> 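So that we are looking at the same thing, I have put the structure below in structure tokens.
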Amino acid sequence: MYDTSGDTASGVIGFAADGFPIFGPYIDDDGTIRKVLSGYTLKSGARTNQNGEGAFPGGSYDGTYVDDYEWQSGDGDLDACNGMERAGQYGYYVTHAYPWVMRCFKGTPHSSFEK
């Protein structure tokens, strides 16, 4: 769906339900082709086992669960939905690290996706 060599910027590989384009992971950053970076990072420390009966997993944050990650403003290139605006156009990006694909919608999904 996109050149995986990293020699060219990725084009549009699809469209999200809200109409925004989805791009591959490579961008042209002022003449340098590079992978976009997610703003999600693995939390440090240990999960809380809230009731002692195994309903909440406890253990260290190791990436096993979605909640092991948190989005940090200013970390990476992408917003909490795994997208950004470039050249006046918002789009989502696939990444080589969590969350790999979009996490939410920036716009309003078309009603046909409610089926």
Side-chain angles (χ1 to χ4, degrees):
M1 298 192 79
Y2 57 86
D3 179 3
T4 59
S5 71
D7 293 335
T8 59
S10 301
V12 175
I13 61 172
F15 289 90
D18 60 3
F20 287 117
I22 303 170
F23 295 92
Y26 296 98
I27 60 169
D28 183 335
D29 189 9
D30 295 324
T32 300
I33 305 298
R34 66 173 183 86
K35 292 178 188 176
V36 292
L37 300 174
S38 167
Y40 283 87
T41 57
L42 192 61
K43 295 176 184 175
S44 61
R47 297 182 206 101
T48 303
N49 187 341
Q50 295 182 1
N51 66 2
E53 297 175 17
F56 296 95
S60 297
Y61 293 117
D62 61 5
T64 299
Y65 303 101
V66 171
D67 285 345
D68 286 357
Y69 296 90
E70 61 187 349
W71 182 76
Q72 297 280 331
S73 179
D75 284 357
D77 302 307
L78 305 176
D79 63 19
C81 291
N82 226 37
M84 68 177 164
E85 187 174 313
R86 290 186 53 82
Q89 178 185 25
Y90 184 84
Y92 302 106
Y93 290 80
V94 296
T95 54
H96 285 98
Y98 184 86
W100 300 283
V101 294
M102 55 189 285
R103 289 271 302 141
C104 53
F105 291 108
K106 193 71 166 181
T108 303
H110 188 270
S111 61
S112 64
F113 285 85
E114 294 175 7
K115 296 180 180 184

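Not measured: the values here are computed from a predicted model. Basis for what follows: all heavy atoms, side chains included, without hydrogens, waters or symmetry-related copies.
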> Apply the test side-chain hydrogen bond (donor to acceptor under 3.5 Å, both in side chains) to residues Asp62 and Ser60: give CA-CA distance (whole Å), side-chain angles for both, the deciding distance (0.1 Å), then the verdict.
CA-CA 6 Å; Asp62 61 5; Ser60 297; over 6 Å; no

> Please check this pair: side chain of Tyr40 against backbone of Asn82, looking for a donor-acceptor N/O pair closer than 3.5 Å.
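A pair under 3.5 Å: no.
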
> Taking the basic N atoms (NZ, or NE/NH1/NH2) and the acidic carboxylate oxygens, is any pair closer than 4.0 Å for Lys43 and Asp67?
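The answer is no: the pair does not qualify as a salt bridge.
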
> May I have the step-by-step check of side chain to side chain contact (heavy atoms under 4.5 Å, CB included) for Tyr90 and Asp18, ending in yes or no?
CA-CA 11 Å; Tyr90 184 84; Asp18 60 3; 5.8 Å; no

> Which pair of non-hydrogen atoms, one from Ser38 and one from Pro99, has the smallest distance, and what is that distance?
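That closest heavy-atom pairing would be OG-CD, 3.3 Å.
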
> Do Met102 and Ile27 sit in one hydrophobic cluster, given that two such residues count as connected whenever their side-chain heavy atoms are within less than 4.5 Å of each other, even indirectly?
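Different clusters.
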
> I need the minimum non-hydrogen distance between Tyr92 and Ala16, along with the two atoms involved.
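Scanning both residues completely, I find the closest heavy atoms to be CE1-CB, 3.5 Å.
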
> Give the intermediate values and the outcome of side chain to side chain contact (heavy atoms under 4.5 Å, CB included) for residues Leu42 and Asp68.
CA-CA 6 Å; Leu42 192 61; Asp68 286 357; 3.9 Å; yes

> Nearest 0.5 Å, please: how far is OG in Ser10 from NZ in Lys35?
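Here the rounded value is 10.5 Å.
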
> Supply the atom-to-atom distance Thr8 OG1 to Asp3 CG, rounded to the nearest 0.5 angstrom.
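These two atoms lie 4.0 Å from each other.
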
> For the pair Asp29 and Arg86, find out whether any cationic side-chain nitrogen is under 4.0 Å from an anionic carboxylate oxygen.
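No, Asp29 and Arg86 are not salt-bridged.
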
> How far apart are the C-alpha atoms of Asp79 and Met84, what are their side-chain angles, what is the distance that settles it, and do they pass the side chain to side chain contact (heavy atoms under 4.5 Å, CB included) test?
CA-CA 6 Å; Asp79 63 19; Met84 68 177 164; 5.7 Å; no

> I need the single residue from Asp77, Val101, Leu78 that forms a side-chain contact (heavy atoms from CB on, under 4.5 Å) with Thr95. Which is it?
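The residue from Asp77, Val101, Leu78 that satisfies side-chain contact (heavy atoms from CB on, under 4.5 Å) with Thr95 turns out to be Leu78.
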
> Taking all non-hydrogen atoms of both residues into account, name the closest pair between Cys81 and Lys106 and its distance.
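Heavy atoms only, the tightest pair is SG-N, 4.1 Å.
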
> Give a yes or no on whether Phe113 and Phe105 share a hydrophobic cluster (residues Ile, Leu, Val, Met, Phe, Trp, Tyr; joining criterion: side-chain heavy atoms under 4.5 Å apart).
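No.
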
> In this structure, would Phe20 and Val94 fall into the same cluster of hydrophobic residues linked by side-chain contacts under 4.5 Å?
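In one cluster with Phe20: Val94, yes.
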
> Fit a plane to each ring of Phe23 and Tyr93, take the angle between them on a 0 to 90° scale, and name the class: parallel (under 30°), tilted (30 to 60°) or perpendicular (over 60°).
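Answer is parallel, since the angle falls under 30°.
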
> Can you name the closest pair of heavy atoms from Tyr26 and Gly6 and give their distance?
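Where Tyr26 meets Gly6 most closely, the heavy atoms are CE2-CA, 3.5 Å.
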
> When the ring planes of Tyr69 and Tyr98 are compared, do they come out parallel, tilted or perpendicular, using 30° and 60° as the limits?
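Correct class here is parallel.
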
